[in-house]
Asks: 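Sharing a structure, written as C-alpha cells. Questions coming.
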Amino acid sequence: MDVDLVLLESSLWVGKKRYWAVLTGWHFNWTERDKKNREKMTVSVPVSEVVGVEVSQRSQSEEADREFTVFYVKRTSSRSSNQLLWALGRTQFSCPSRDLRDQWLTQLRMALKTHSPSRPHRLLVFINPFGGKKQGSHIYQSLVAPLFELAGISCHVVVTERANQARDHILKKDLTDFDGVVCVGGDGMFSELLHGVIGRTQQEAGLSEHDPTLTLQSCDLHIGIIPAGSTDCVCFATVGVNDPVTSALHIIVGDSQPLDVCSVHHGSSLVRYSVSLVGYGFYGDVMAESEKHRWMGPLRYDYSGALVYLRNRSYAGIVQYLPADPQLSSPRDKTRCLSRCTVCSKSTDRRLLAQSTNSSSLHGSQFSSDSEGEWVSVEGRFKAVSLTCMSSSCPRSPLGLSPSAHLADGTGDLIIVRDTHPLGFLTFLHRHTTTQDQFDLPFVDVHRVKAVRFSLPLGTEDNEDEDEGTVKDEGLVEDGEALSKSGSQQHLAERVEERGMTNDRSVKKKDLSFGLCCSKTPSVSVWNCDGEILPYPEILCRVHGQLVRLYARGIEDRSAPPFTNCKGRAFLHN
Ligand SMILES: CCCCCCCCCCCCC/C=C/[C@@H](O)[C@H](COP(=O)(O)O)NC(=O)CCCCC
Ligand SMILES: Nc1ncnc2c1ncn2[C@@H]1O[C@H](COP(=O)(O)OP(=O)(O)O)[C@@H](O)[C@H]1O
Ligand SMILES: [Ca+2]
C-alpha cells in the first residue's frame, strides 16, 4: 500500500486568510487557520486532479513574485439538469518568500509527474465542423484549447473536410508521439476514431478483423470525446453529461475507461464496430428517415421518430443469441455501472487472469461459440431488436436503452420488442424518457449476451433486389465503397450507393426508408449501427470486452466523494 508522505508543508495566504498547506503524493490540502491558530475548513484536491500550476501573471512586483496559482478540477452541478459537471477551479496562493514559492512550484509539478503518469502530452484532435449544431470548431477553440494549453498538452488539430478523413488518418498516418486521439463531434465522429484505432491495432498485430471468432488485440491509443454532435450518446454514457469542459478535463487528467465493442459481421466480412446501438426495426427506420432531414440538426431524430412511430411497422426475423453468465449480472438487476464498477473490475480481473494463464496471450486466440454455451433462438415479428454494449444513455433518454448495462463487462444487452399495438410501443418508448422500467412490459424481453445473430425467415422478401450470394463474399463496407477482401467491389459499391448506405451523413442520399408514399410495406428494415445504416439485414454481432479505452472514468457516484478524508477533519470537496 502506498504511503501518503508529506512532500511539502507551509503557511500560505489566500487573499487575507491564512492557510496551512500540505502536499502529499496524492493530495494537496489547504486548511484555514484563524488568529488563534485553530483549524477551520480544509479544501482537498487530489494531485491527479490538478490541471496545472502557474506563477502569477501579474506584472513583476515583489508581491507577484511570491504568488502561484493552482488550477484543478472542481465539481459543480448544472442548474438545469442537476448533472455533475467538472469545471476549472483556481486558487491563488501567496508565500512568505520567493524561495518558498519556487519550492511549491517544483514540488507540485514533480507530484503531478510522479503521481499522475497517465496524462497525455500530445494529442491528435479531429474536429467535424458540420456535426450537431455546427459548433465544433467554436467549442474547441473557445472552451477546450485554452484548457489543453494550460495543462501543457500540445495538439495537432485537423478540421475535417470529408467523412472518414479522421478514420483514414488514424489508419494510415504516423502516430508515433501521440498519446491519444480526440474527436470534437458526435457519435458518428467517435465511430470514425473507433474504426481507425481498432483497425490500426489489428493491422499492427497481424490479426484479421473479419473473423468473428478471433479475440482482437485491445487498443492502447486512448480516445477522447468532446461532445459537439446530435445524440452524443457515447460521451453521455461514459462521462454522465455532455459538456465540453468536463470532457476536456477528463482528457487532461488522463482518465482511462475501458469500453466493450461489438463487431458486426455479414457472411465472412466485418461490416462495422459499434459501442452504443445496433438496432433493427424502429431505430433503423428512424436513422434512415432522419438522413432526409439532416438540415434540422439534432431535431431530425424527434421528427423522424414521430414519423416512423406513426407508420406502425413491425418486421419478421429470427434472433439468436449466446447468453452471458447469469451469475455475474443481469440487465434487470437495477444496478448502475458507475465509476469503479465492481462488475467491470471483475471482468478486468478475469481478462488479466486469462492472459496470464494463456501463454500464447489472449489476443489472437479463438472465441469458440460452441464452448461458450448454447445459442437461444427467438422467431417472430418485432417492432425493434436492439443490441447495446453499454447503457446508451443520452439527453433524450437519461437512463438509456438498457439502464443496467455495463461499460466494460464484456457483454451486451439484447432488447427484443415483439410486435404490439401502437399504444403499447408508445409506452415502451416513453419509458426511455422517465425512470419507469421499459423492460417491465409483456412484449419486451431483455437478455445479457455475448453474441447475437439475426436472420430473415425463409421466404422473406429481402427488399434487396439482387442475389444475396454476391454480397456475402464482400468486405467491410464504408461510405459507399467496399473495403473488401475480394469480390465484385464495384457492384457492391453501386448497390450501397443506390440504397444510400453511406457514412457521409451530411450528404442526402436516395430515400431508403420506403416512406409513406410507397404502396408496398417493406418486409425488411435496416440496421442502425451507432448512427450508420448497414446494407444487410442478416448480421452476426460479437461483443469484445474492453477493446478500446476512453479518456473517461464512467459516471461518478454523487454520494461517494472522489477521495477520502483520512485525518477525520471537516473537508470541503473542491
Ligand atoms: C415518446 C418519446 C420517444 C423517445 C424515445 C427515446 C429513445 C432514445 C434512445 C436513444 C438511444 C441512442 C443510442 C445512440 C445512438 C447514436 O449512435 C445515433 C447516432 O448519433 P449521432 O451521431 O450523434 O447523430 N443516434 C440515434 O440513433 C438516434 C436515435 C433516436 C431515436 C429517437
Ligand atoms: N467534414 C465533413 N463533411 C461531411 N461529413 C463529415 C465531415 N467530418 C465528419 N463527417 C461525418 O459526419 C457524420 C456525422 O458527424 P457527427 O459529428 O457524429 O455529427 P451528428 O451527431 O450531428 O451526426 C459522421 O459520420 C462523420 O463521418
Ligand atoms: Ca458491456
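Counting convention: from 1, in listed order, for ligands and their atoms alike. When reading the values below, keep in mind they use all heavy atoms of this one structure, side chains included, and skip hydrogens, waters and symmetry mates. Because the structure is a prediction, the values reported are computed rather than measured.
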Asks: Any heavy atom of Gly305 sitting closer than 4.0 Å to ligand 1?
Replies: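 Flag not set, Gly305 not near ligand 1.
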Asks: For His266 and Tyr536, take the angle between the two ring planes, folded into 0 to 90°, and tell me which bin it lands in: parallel under 30, tilted 30 to 60, perpendicular over 60.
Replies: parallel
Asks: Taking only heavy atoms of Ser230, which atoms of ligand 1 are found under 4.0 Å from at least one of them?
Replies: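 Counting atoms of ligand 1 from 1, those under 4.0 Å from Ser230 are 23 (O), 24 (O).
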Asks: What atoms of ligand 1 come closer than 4.0 angstrom to any heavy atom of Asn528?
Replies: 27 (O)
Asks: Return the option from Glu532, Lys133, Arg294 holding the heavy atom at the smallest distance from atom 23 (O) of ligand 2.
Replies: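 The residue whose heavy atom sits nearest atom 23 (O) of ligand 2 is Arg294.
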Asks: Would you please classify the geometry between the His432 ring and the Phe428 ring as parallel, tilted or perpendicular, with 30° and 60° separating the classes?
Replies: perpendicular
Asks: Flag His432 as yes when one of its N or O atoms lies below 3.5 Å from any N or O atom of ligand 1, and as no otherwise.
Replies: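 No, there is no polar N/O contact under 3.5 Å.
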Asks: Between Phe428, Tyr303, Tyr283, flag the one that comes closest to atom 31 (C) of ligand 1 by a heavy atom.
Replies: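 Minimum heavy-atom distance to atom 31 (C) of ligand 1 goes to Tyr283.
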Asks: I'd like to check Tyr551 versus Leu123 (side-chain heavy atoms, cut-off strictly below 4.5 Å). Are they in contact?
Replies: yes
Asks: May I ask you to decide if the ring planes of Phe425 and Phe282 are parallel, tilted or perpendicular, using 30° and 60° as cut-offs?
Replies: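 The arrangement is perpendicular - the two ring planes meet at more than 60°.
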Asks: Closest approach of Asp187 and Val234, non-hydrogen atoms and distance?
Replies: OD1-N, 3.1 Å
Asks: Go through the steps to decide whether His250 and Leu550 satisfy the test side chain to side chain contact (heavy atoms under 4.5 Å, CB included), and finish with yes or no.
Replies: CA-CA 9 Å; His250 278 287; Leu550 305 192; over 6 Å; no
Asks: In terms of atom number and element, which parts of ligand 1 are under 4.0 angstrom from non-hydrogen atoms of Arg300?
Replies: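 So the atoms of ligand 1 that pass are 24 (O).
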Asks: Between Phe282 and ligand 1, does any nitrogen or oxygen pair lie at a separation below 3.5 Å?
Replies: no
Asks: Check each atom of ligand 1 against the heavy atoms of Cys233 and keep those under 4.0 Å away; list them by number with element.
Replies: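 Taking each heavy atom of Cys233 in turn, ligand 1 has 13 (C), 14 (C) under 4.0 Å.
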Asks: Taking both backbone and side-chain atoms of Ser230, is any N or O found less than 3.5 Å from an N or O belonging to ligand 2?
Replies: yes
Asks: May I ask you to test the Pro227-Phe236 pair for a side-chain heavy-atom distance under 4.5 Å?
Replies: no
Asks: Looking at Thr160, which atoms of ligand 2 are within less than 4.0 Å of one of its heavy atoms?
Replies: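 In order of numbering, the contacting atoms are 1 (N), 2 (C), 7 (C), 8 (N), 9 (C).
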Asks: Would you mind running through ligand 2 and noting each atom that sits below 4.0 Å from a heavy atom of Arg300?
Replies: 20 (P), 22 (O), 23 (O)
Asks: Looking only at heavy atoms, is any part of Phe130 under 4.0 Å from ligand 2, and if so is it the side chain, the backbone, or both, or is it neither?
Replies: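 Just the side chain.
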Asks: Taking non-hydrogen atoms only, is Met189 closer than 4.0 angstrom to ligand 1 via side chain, backbone, both or neither?
Replies: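 Within the 4.0 Å criterion, Met189 makes no contact with ligand 1.
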Asks: List ligand 1 atoms under 4.0 Å from Ser276, heavy atoms only on the residue side.
Replies: 14 (C), 17 (O)
Asks: Applying a 4.0 Å heavy-atom criterion (strictly less than), which segment of Leu401 is in contact with ligand 1: side chain, backbone, both, or neither?
Replies: side chain
Asks: Show me which atoms of ligand 2 lie under 4.0 Å from any heavy atom of Gly132.
Replies: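 The atoms of ligand 2 under 4.0 Å from a heavy atom of Gly132 are 19 (O), 20 (P), 22 (O).
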Asks: Are the aromatic rings of Tyr280 and Phe382 close, with centres under 6.0 Å apart?
Replies: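 Aromatic pair excluded; centres sit 6.0 Å or further apart.
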Asks: Do any N/O atoms on Pro129 end up under 3.5 angstrom from N/O atoms on ligand 2?
Replies: no
Asks: Distances under 3.0 Å only: what protein N/O/S atoms are near the Ca ion (ligand 3), ordered by chain and residue?
Replies: Asp260 OD2, Cys389 O, His406 O, Asp409 OD1, Thr411 O
Asks: Charged N to carboxylate O below 4.0 Å: is that the case for Asp168 and Arg162?
Replies: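 A salt bridge links Asp168 with Arg162.
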Asks: Distance under 4.0 Å to a non-hydrogen atom of Asp232: what atoms of ligand 1 satisfy this?
Replies: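 Heavy-atom distances to Asp232 below 4.0 Å select 23 (O).
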Asks: Could you list which atoms of ligand 2 come closer than 4.0 Å to a heavy atom of Gly185?
Replies: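 Result: 17 (O).
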Asks: Look at Asp557 together with Arg336 and state whether they make a salt bridge at an N to O cut-off of under 4.0 Å.
Replies: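 Here Asp557 does not pair with Arg336 in a salt bridge, since their nearest N and O are not under 4.0 Å apart.
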Asks: If only side-chain N and O atoms count, and only distance matters, is there a donor-acceptor pair under 3.5 Å linking His544 with Ser263?
Replies: yes
Asks: Pull out every atom of ligand 2 sitting under 4.0 Å from any heavy atom of Asp187, numbered as shown with elements.
Replies: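 Answer for ligand 2: 18 (O).
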Asks: Within a strict 4.5 Å, meaning less than it, do heavy atoms of the Ser404 and Arg448 side chains meet?
Replies: yes
Asks: Is a side-chain donor or acceptor of Asn242 paired with a backbone partner of Cys235 at a separation under 3.5 angstrom?
Replies: no
Asks: Report yes if Tyr301 has an N/O atom closer than 3.5 Å to an N/O atom of ligand 1; otherwise report no.
Replies: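 N/O-N/O distance below 3.5 Å exists for this pair.
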Asks: Please test Ser347 against His406 for side chain to side chain contact (heavy atoms under 4.5 Å, CB included), starting from the C-alpha separation and ending with a verdict.
Replies: CA-CA 10 Å; Ser347 173; His406 289 273; over 6 Å; no
Asks: Would Gln546 and Thr348 count as a side chain to side chain donor-acceptor pair (under 3.5 Å) if you check the C-alpha gap in whole Å, the side-chain angles of each, and the deciding distance to 0.1 Å?
Replies: CA-CA 8 Å; Gln546 309 193 354; Thr348 310; 3.0 Å; yes
Asks: Considering the heavy atoms of Gly229, write down every atom of ligand 2 situated less than 4.0 Å from one of them.
Replies: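 Those qualifying, in numeric order: 21 (O).
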Asks: Tell me, do Met390 and Thr388 make a side-chain contact under 4.5 Å, heavy atoms counted?
Replies: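 Heavy-atom side-chain distance check passes, below 4.5 Å.
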Asks: Does Arg162 approach ligand 2 within less than 4.0 angstrom via side chain, backbone, both or neither, non-hydrogen atoms only?
Replies: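 Just the backbone.
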Asks: What atoms of ligand 2 come closer than 4.0 angstrom to any heavy atom of Gly131?
Replies: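 Checking each atom against Gly131, I get 17 (O), 19 (O), 22 (O).
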Asks: Would you say that Val261 contacts Cys389 through its side chain, given a criterion of any heavy-atom pair below 4.5 Å between the two side chains?
Replies: no
Asks: Surrounding CG of Asn312 (heavy atoms of other residues, nucleotides or ligands, distance under 6.0 Å), is the total greater than 12?
Replies: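 Yes.
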Asks: In plain terms, say whether Asp445 and Arg418 are close enough for a salt bridge, that is, a side-chain N and a carboxylate O under 4.0 Å apart.
Replies: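 Salt bridge present between Asp445 and Arg418.
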Asks: Taking 4.0 angstrom as the limit and counting only heavy atoms of Asp530, give me the atoms of ligand 1 inside it, by number and element.
Replies: 17 (O), 19 (C)
